[in-house]
Amino acid sequence: MKNTEIAMTRNRPYWRQALDENWRRLRRNPTGRSGLILLLIFALMAASSFIPPLISPIYNPMHGVDPHISHTTGPSLRHWLGTDFIGRDIFSQLLAGARVAFMVGITAAFMSVVLGVAIGILAGYAGGWADTVLMRLADMIMVMPTLLVVLMAAALFGQLSIWTIVAMIALFRWPGVSRVIRARILSLKQRPFIEAARIAGASHLRIMTRHLLPNVLPLALLYMTFRVTSAIIIEAALAFLGFGDPTTVSWGMMLQWVWKTGHMFQAPYWLLPPGICISLLTLSFYMLARAMDEILDPRLRRRGES
Amino acid sequence: MQSLLEVKDLTVSYTTPAGKILAVDRVSFQLEAGRSLGLVGESGSGKSTIGTAILGLLADNARVETGAIVFEGHNLLEADQETLRRLRWKKISMIFQAAMNALNPIMPVGDQIVEAIRVHEPEVPLTAARQRVADLFRQVGIPARRLRDYPHQYSGGMRQRAIIAMALACNPRVIIADEPTTALDVIVQDRILKTIIRLQDRFDIGILLISHDISVTAEVCHQIGVMYAGQLVEIGTKEEILTTPAHPYTRALLEAHITLSNDRQPAPVPGPAADLHRLPEGCRFHGRCRRPDANCRRQTPSWHSLSATHKVLCREAESNGN
Amino acid sequence: METDSRKDAIVLAGVTRLYRSGSRLLTARQKTIRALDEVDLNIPPGCIFGLVGESGSGKTTAARLMVRLEKPDSGTVSVLGRDMAGLHGKHLRRFRRKIQMIFQDPYQSLNPYQSVISIVSEPLSLRRQMTKDQRLDKVLETLALVGLDPPSTYLHRYPHQLSGGQRQRVAIARAMVLDPQVLIADEPTSMLDASIAVQIYRLMLKIQHRSKVTMVFITHNLAAANYLCDHIAVIYRGRILEIGPSGSVINSPCHPYTQALLDALPRFGHIWKERRFDTMLDEPRSDIPQNGCVFYSRCSKAEYSTCRRQPVLKSAGRDHKAACFLI
C-alpha cells in the first residue's frame, strides 16, 4: 500500500468515536433526552427570533412599537402574548431573549471553562509554587460572590454592555473548573504514558496540550454545561436588578420592565413567559449536565486513580 | 469418591455491543474434597467466568444458557439470591487477585475477619471469633501481633495471606482462587502457594485455582484443566498433563513457559488469541495448531478418554488412541 | 566485568536515592526509605543486563534514575559517558532520545486518546529534519520490527482496540523508533499472560540482536532473566547482593538471597527437582543490627556476630561477585 493510501484509510479519531458513543447514550438517557428536547425548543426560539421584525417593524423587540397601543395589553391575534407598557410585542421579545440567553450562557461558560482548563492544567502539571499561587488565586476568587462583585462594578463604571457582563461572569467562574481539572491532572501526570512522552523528548507544552488536554476534555465539557446554567441566572439577576445592558432585550430585562412599571401583579401574560423561560432553559442545561455526569462518571471512575 | 462440586455442561454467554459471545461453552468437571483443580488458559478463555458463575456473581450482561452447578446435592443455578448469599463465604469462598480492594482501609485487618465471621455465624461469641481469627493468622503465616494493623501497613504478600485467612474464616468446603498470585513477585508467590497447599491438606477443602500460568497450577493442583476459547480442551491429573499432554494447545502452553533449564528454548504459542466474536468452524484451535488436517477445519472434535482421569477434546487423540 | 568504565553504557557510582514518606498527621515521625544505597554498577554496551529483585528492592528506582525521571540524592548516574545530572531543558530532551524505556503496564503507558501512528510517530515528530513521508516509513518499519504485521492495519487503531501483548509491542515500537542506544524494560511482561510473555521476550532478543542496543531488563523472575540476559545483578533493599554472568549466577548462586529466589520458582521446568537451599526464613528475625547485612533479617544462615557489619561485593568466580560473609 502506498503511503498516501494509508493516510486515506484513517479511522475516525478516538475522541470522535467516544463522542459518538456518549452522544448515543445521552439520547437514550431519559433525563438527557428531556433536556435535549427542551433545549431544542429554545434553540428553535432563538433561531426564529429574526423572523418577527422581518414581518413588520412593529415586531422589533426593542424599537418596534405598535402605533395603536400605548399601554400593556393581553394576548391577541396580532400580539400572541400581548404587548408591554409602550406597545412592544412580548412574543418577539421572548424570542430575542432566548437568543441572548444562549449567547450569554454559552459564551460565558465557554470562556470560563477555557480559562479554568488552562489554569487547571498549568497548576496541576507545573506543581510547586506555580500551583500554590494559581490555586490560592482560585480560592480567593471562588469565595467572592460573583453577583455582588458585578453589581459593584456596574455601580462604579455605570452601564455595562452585555459583553462586559459575559467577560466578568467568565472571569469569576473559572476557579471551580480549574480545581477539578487540576485534581484530574495530578492523577494523570503520574501515569506512565506521560513519563513515556517525557522520555521520548516531548516538551512540557506538548505534554500539556497533546497528552493531558484530550484526557480532561470530557470533564471540561461537563463543567461547561453546568456553567451555562449559572451564567444565564447571573445575567438574568443582573438585568432584573437594573444593571443589565439596556440595549439588549433579555428575559431578565423583560422582568425588570414588568417590575419597574409596576405590572408585577397586573400583567401575568407579561410576567410569566420570561420567568418560565429562564427556569426551563436553566433546567434543560442542568438536566443535560446531570445526564452527562451519569454517562461519564463510571468511565472516569474505572480509568481513574490507580 | 463423592464429588464436592460438580459443574455440568455449563454454558455462559455475554451480550456485548458487538454481539453475543459464548465465554464458557459446555464445560464439565468435578471437584472432590481435599483435592484441587487448576484451570489454565489465556485471558478471555472463560476460566474466570466459571469462577464467578459458581459464586453466583456473574456480571449483568452475562447469562447462563445451559448446565448445572451442583454443590452438596443442590443446583446453585436454581438457587435464589438469598441462598447463594448464605452459601458464599460460609460454604464456598473466594480469593481474588486485587487484595487491596477486598480489605476495608479504615478497619484493622483482624477486626474485619472477626466481623465477617459474625455476619455469617451470628451464634459465634466475639471471643471465640477472635480466637478463630488468631488461629487462622497463624495458619497462613501472619504474626498475631499484626492483627490490629491496618491494610496499608501490610505488604502485598501479607495482604493476600489475610485474604486467604478471610476466605477460610467460616470453614468453607470450596475455595475459588482466581489468579491469587498474579502481580506478586516469586518469593511471595511461593509463600502463598505453600500456604494454599498446606491448607488443602489440613482442612479437606476443594480448591479451584484459576491461573494463566501453568507452572502455578502445577505447583498446587492435583488435577489440571486447560481452557481455550471458552471450552475445556483437556483435563487430567497434574502428571498426565505435564508429562503426556494430548491437546496441541496444552503442549504449546507448556513449551511457551520460561524455565530455568537452558536446554529447552521456549516457543511462543503461534498465532493470535482466539476471537470469541469470530470463532472458526470445526476445532477452535485449528488455526494455531501445528498439525491440523483438513478434517479439523470441518468437524467439531469430541471428547476422548486416554485414561480414567485424562481426557482431551481433539481429533488427533482419536486417531492415535483407538 | 573488568571493563574500562569510560566505555560502559551505564555507570552508577555511589548512587543513593531516598524516599521520604510524607509526615502523616497522626504519626508525626517521618520515615526515610533507602531505595538505593551507595550502588555501584557498570553496564557494558551491547548486552542485555538483568536487574533482579522483589518489589521494593530498588530495581525500578534504578531504571527511573537511568532515564532521569528521578535524580539521585548522592552519587552520579552516567549514561553513554554523560552525567545525567548535568543535562537540562533542550539538551536533556535531545539526549533522552538515546535512552528509551518500556513500562510495566501497557494499559497505563499508552495515551488512550492517541492512535498507534500518533503514539509511535510522536518521538519522530519532535525531530524536525524528517519529512512526513520519511516519518511514516520509519513508523511502518518499526511496527513491522515489533511484529505488528501488516503494519498499515495497526496505524489507526487505538490502545483499547489492542490486546495486552499488542499494546506492549506498540510501546516497544515507540521506544525503538528513535534507534536508541539504551533500552530499559521495567517488568514488561508482569501484566501479560505467561504465554504472551515469551513472545515479548523473543521480540526483545530479536531487537537486541539486530540493533545491538544496550538493554536493561528489570524483573523479579530469575528464569526470565536467565533466558534473556548476559549478566544478572540481584538487588535487595537498595543494595546489590550478587552480580555476574547469567549462567554462573543461576548454576552456582552464592548469595543466600539469590538461592532463595531460585528456590521460590515453581518446580515445573526447574533445574532442581526439590528445594535446594532453604535460605529464607518464614518469620523475619527481630534482632536486626544497625548497618548490618540487609538480608540478615530473613537469612537462615546469618549469624549476628559476623553479619552485623555490611558485607562488600567480593569475587566468587570469574566476573562473579557476591556480598556475603559466608562465602
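Given the structure is predicted, the values throughout are model-derived calculations rather than measurements. The chains referred to below are lettered A, B, ... by the order of the sequence lines, with proteins before strands, and numbering in each begins at 1.
In the model, C:Ser246 has no side-chain atom that pairs as donor or acceptor with a side-chain atom of C:Asn226 under 3.5 Å. A donor-acceptor contact under 3.5 angstrom links the side chains of C:Arg169 and C:Gln199, judged on distance only.
Contact count versus chain B (heavy atoms, under 4.5 Å) is highest, among C:Arg202, C:Gln166, C:Gln104, for C:Arg202. No other option in B:Ser43, B:Pro143, B:Gly141 has as many heavy-atom pairs under 4.5 Å with chain C as B:Ser43.
For B:Leu242, the part lying near chain C is the side chain, with the backbone staying farther off; criterion is any non-hydrogen pair under 4.5 Å. Of the atoms belonging to C:Ser195, heavy atoms from both backbone and side chain fall under 4.5 Å from chain B. Proximity to chain C is absent for every atom of B:Leu193, based on heavy atoms less than 4.5 angstrom apart. Only the side chain of B:Glu219 comes within contact range of chain C, judged by heavy atoms closer than 4.5 Å. Using a 4.5 Å cut-off between heavy atoms, B:Lys238 does not touch chain C at all.
Between B:Arg290 and B:Glu255, at least one side-chain N (NZ, or NE/NH1/NH2) sits under 4.0 Å from a carboxylate O, which counts as a salt bridge. Between B:Glu42 and B:Arg288, at least one side-chain N (NZ, or NE/NH1/NH2) sits under 4.0 Å from a carboxylate O, which counts as a salt bridge.
Applying the 6.0 Å contact sphere to NE2 of B:His277 captures more than 12 heavy atoms from other residues, nucleotides or ligands. Heavy atoms of other residues, nucleotides or ligands lying less than 6.0 angstrom from CZ of C:Arg267 number more than 12.
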